[in-house]
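Letters go in sequence order (proteins before strands), and every chain restarts at 1.
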There are 2 protein chains.
Amino acid sequence: MSGMTEIDRQRRPGPRIEEVARLAGVSKSTVSRVINGEQYVSAKARDAVHTAITHLRYSPNQAARSLAGSKANAIALIVSEQGSRVLGDPFFAGMLRGVHAELAGRHVQLLLVLSQPRDHDDLLSYLASGHADGALLVSLHGDDPLPRRLHEIGLPVVACGRPLGASAVPFVDSDNFTGGLDAVRHLVSLGRTRIATVTGPRDMAAGIDRLSGWRRGLAEAELPDDLVAEADFTPESGARAMTELLDRAPDVDAVFVAADITAVGVLQVLHARGKQVPEDVAVVGFDDSLLASTATPPLTTVRQDIEQLGRTMTWRLLGELAGETGLPPSLLLPTSLVRRASA
Amino acid sequence: MSGMTEIDRQRRPGPRIEEVARLAGVSKSTVSRVINGEQYVSAKARDAVHTAITHLRYSPNQAARSLAGSKANAIALIVSEQGSRVLGDPFFAGMLRGVHAELAGRHVQLLLVLSQPRDHDDLLSYLASGHADGALLVSLHGDDPLPRRLHEIGLPVVACGRPLGASAVPFVDSDNFTGGLDAVRHLVSLGRTRIATVTGPRDMAAGIDRLSGWRRGLAEAELPDDLVAEADFTPESGARAMTELLDRAPDVDAVFVAADITAVGVLQVLHARGKQVPEDVAVVGFDDSLLASTATPPLTTVRQDIEQLGRTMTWRLLGELAGETGLPPSLLLPTSLVRRASA
DNA sequence: CTGAAAGCGCTTACAG
DNA sequence: CTGAAAGCGCTTACAG
């Protein structure tokens, strides 16, 4: 611990609960009860306390509250990934906005934790020591053992996206299957018959489920589902996949790409090969990220509401922390097709 | 406070400092000294304590440390903006990564706070109550009074980007002036003579300083600096600005755009008007964001190292918190030109 | 270099 | 519905 940064001690002024109690003419206990919204407080006492709080600009000391109450009054947002590329993703920004929106007004702080797999042990004992009352997990890869391990130490957890494997960890996810299905139905309605897909990673539920939706769509339309090329949510992998598809099936007339960011690479290759979009090849992306509207041509895409995802995760976690019963173990959020020029 | 979410009390297990002391055969005081890296501890005691900590997987309770030590052991990352659009910005992601990297290993937590201007009063009393030892400010607009107000209540603050007006708030910024200057020098070296600019917002130092750099570059080359069109870091405003420039000066042969995201709109208009990039009009962006490499054609741009910006801000703040003297009040980080196809 | 004791500012049974 | 008292798990003078 020798690398620690010393933060100089310096008592901040500001009123204590004692002063609020004195001004309101009640005991510290009563002030505490008002602050915590407990029910057995007389209206008169409540008003007096609120007035005193406002007058003194009192803000309770969180450290003391946590210590006395044996709870952190904080939830952790854990981003678990090698190199934490996630942060660069607009996906993460949307999540953060949603989490924050749902937390607004509640006196719960947001702790941002980025954790490499090799630091998982540290993180686990940190959280086991009560530094957060619960955790939201944004872990890009399905094989990450963190969600399960956190769940095992008894910390309430909600995962972002369906964790792979038979896990009991609650999660919230977009309905990726239906999203993929809708994309194909749209392409079929356009009269396309050679519909390919550029997938997401095979070790993530988002990749797997979108692919399943695509397959289902082709089955519905009784079309072949042989044109599959793998990618990993990067433009480069999208370009490689599209090149492969074009070589394999020059008659391809549509492609469902599992992410807008990947579609950027797909569009570049199509352009370079002289294919008109959507005339020769129609393209549908996934996410409705900023990239979708700025792409050339603007991308038809399956919109997922990431902010809502963040809100829902937070709502689910806070519900569990409040001891609510009958909460759905997991939730699937709807997606919708956004039509632009590319399909 | 009636909207508060109740988080059920439940004491987490985990060892206390008392048990570490017992196992190491020393007093709690000595354990505390070891944990806090104080110097007057015998090597023997230190080793015994470290062994005990490892053995028990002890992790000190932050709430108790904060309360006893009268410091939060946390810094706040404050994002102050209407609607907090910032989060959607890759800029923010890079910052976050930098802040986190610099915090790694230090026992300082990161509190993420999003604040609308109308909530500034709440935020101020919250921070005045000691919930964070210092603050990092990402405030997109120069007229935001928050940096100054925080500085006034005595909370150590470092701003991201030069605050406008005569402010004493320490800041870290990219060298936007030199970035703009280098962009123009590059365009001049390419033989361009009718060099326009699409600016950033007038109420942000980034917009103002990049424009100044552009002007300086034109003055150096003894070229006219009449082709200025204003935009606001969005693709739409970039498109409008480029349309205006093209109407005003059909002979424009280069444009320095104050942000990659704005350049996306510029490129769309140039394409629509049948202008070849870079043959007819060379384009240089700013940021070297993901958009720069995925643009058509890939964008030559002024790279700023956002992650380094986040690291430097954090380093500066922690230094001040540790009571270091002789810290530079403010810092300017270098930019560099990244050449791609557009210029 | 080390330990005993006080205290940080709250919450929570407990008794009324 | 309310208050007095104990205690949450640490840090920090103080004395040695």
Side-chain angles (χ1 to χ4, degrees), chain A residues 1 4 6-22 24-49 53 56 58-73 107 126 128-131 133, chain B residues 1 4 6-22 24-49 53 56 58-74 107 128-131 133:
Chain A
M1 316 253 171
M4 251 194 86
E6 286 303 320
I7 293 182
D8 275 355
R9 183 205 183 91
Q10 184 187 353
R11 181 145 322 131
R12 296 205 195 286
R16 308 279 173 266
I17 196 173
E18 179 104 47
E19 299 172 49
V20 176
R22 205 180 311 142
V26 298
S27 69
K28 290 194 298 176
S29 309
T30 297
V31 175
S32 175
R33 290 188 188 103
V34 172
I35 290 171
N36 293 293
E38 287 172 27
Q39 47 178 329
Y40 295 119
V41 182
S42 67
K44 189 183 158 196
R46 193 186 311 278
D47 289 349
V49 169
I53 287 178
L56 294 171
Y58 171 71
S59 169
N61 179 305
Q62 287 300 332
R65 296 187 74 193
S66 298
L67 184 56
S70 296
K71 61 187 174 187
N73 299 310
H107 296 202
Y126 178 80
S129 303
H131 293 107
D133 301 309
Chain B
M1 316 252 169
M4 253 194 83
E6 285 304 319
I7 293 182
D8 276 356
R9 180 201 183 95
Q10 184 186 355
R11 181 145 321 134
R12 297 207 194 284
R16 306 281 171 266
I17 197 172
E18 180 103 47
E19 299 172 49
V20 176
R22 205 180 311 143
V26 298
S27 70
K28 292 192 300 176
S29 308
T30 296
V31 176
S32 175
R33 291 190 186 101
V34 173
I35 290 172
N36 292 294
E38 285 173 27
Q39 47 178 329
Y40 295 118
V41 182
S42 67
K44 188 181 158 199
R46 193 186 311 278
D47 289 349
V49 170
I53 286 177
L56 293 172
Y58 171 71
S59 171
N61 180 306
Q62 288 300 333
R65 297 187 74 192
S66 298
L67 183 56
S70 296
K71 60 186 176 186
N73 300 310
H107 295 202
S129 302
H131 293 107
D133 301 310

Among [options], which nucleotide has an atom closest to any side-chain atom of [X]?
X: B:Arg16; options: D:dC10, D:dT2, C:dT2; value: D:dC10
X: B:Asn36; options: C:dC10, D:dT11, D:dC10; value: D:dT11
X: A:Ser42; options: D:dT2, C:dG3, C:dT12; value: D:dT2
X: A:Arg65; options: C:dG3, C:dC10, D:dC10; value: C:dC10
X: B:Lys28; options: C:dC10, D:dT11, C:dT2; value: D:dT11
X: A:Leu67; options: C:dC10, D:dT11, D:dC8; value: D:dC8
X: A:Pro60; options: C:dG3, C:dC10, D:dC10; value: C:dC10
X: A:Ile17; options: D:dC10, D:dT2, C:dT11; value: C:dT11

Separation of [X] atom [atom1] from [N] atom [atom2], in whole Å?
X: A:Lys71; N: C:dT11; atom1: NZ; atom2: P; result: 8 Å
X: B:Glu18; N: C:dA5; atom1: CD; atom2: C1'; result: 13 Å
X: A:Asp47; N: D:dC1; atom1: CG; atom2: C1'; result: 15 Å
X: B:Asn61; N: D:dG9; atom1: CG; atom2: P; result: 7 Å
X: B:Tyr40; N: D:dA13; atom1: OH; atom2: P; result: 15 Å
X: B:Glu38; N: C:dC1; atom1: CD; atom2: P; result: 12 Å

Quiz item: DNA chain D: B:Ala63 or B:Arg33, which has the more 5' nearest nucleotide?
Solution: B:Ala63

Would you please confirm or rule out a distance under 4.0 Å between OP1 or OP2 of [N] and any side-chain N or O of [X]?
X: A:Ser27; N: D:dT2; answer: no
X: A:Ser32; N: C:dT11; answer: yes
X: B:Ser66; N: C:dC8; answer: no
X: B:Tyr58; N: D:dG9; answer: no

Practice problem: For B:Ala64 and for B:Gln39, locate the closest nucleotide of DNA chain C by heavy-atom distance; then report the residue assigned to the nucleotide nearer the 5' terminus. | Solution: B:Gln39

Quiz item: Mapping B:Lys44 and A:Val31 onto DNA chain C by nearest heavy atom, which one lands closer to the 5' end?
Solution: B:Lys44

Quiz item: If you take all heavy atoms of A:Ala63 and B:Ser66, which pair is closest and at what distance?
Solution: CB-CB, 3.6 Å

Practice problem: Give the minimum heavy-atom separation between B:Asn73 and B:Asp133, together with the two atoms involved. | Solution: N-OD2, 2.6 Å

Practice problem: Ignoring hydrogens and angles, tell me if any N or O in the side chain of A:Arg46 forms a donor-acceptor pair with the backbone of A:Val41 under 3.5 Å. | Solution: yes

Quiz item: Out of curiosity, B:Arg22 CZ to B:Ser27 OG, how far, rounded to the nearest 0.5 Å?
Solution: 13.5 Å

Practice problem: Pick the C1' atom in D:dG16 and in D:dT12, then give their distance to the nearest Å. | Solution: 16 Å

Practice problem: Look at the side chain of B:Ser29 and the base of C:dA4, then say whether one donor and one acceptor between them are separated by less than 3.5 Å. | Solution: yes

Exercise. Starting at the 5' end of DNA chain C, write a dot or bracket for each base, bracketing those in Watson-Crick or G-U wobble pairs whose two distances are under 3.5 Å and using | for partners on another strand.
Key: |||.||||||||.|||

Quiz item: Across the strands shown, which category fits A:Ala45 at heavy-atom distances under 4.0 angstrom: base, sugar-phosphate, nothing?
Solution: sugar-phosphate

Between [Y] and [X], is there a side-chain heavy-atom distance shorter than 4.5 Å?
X: B:Val31; Y: B:Lys28; value: no
X: B:Ser32; Y: B:Ile35; value: no
X: B:Asn36; Y: B:Arg65; value: yes

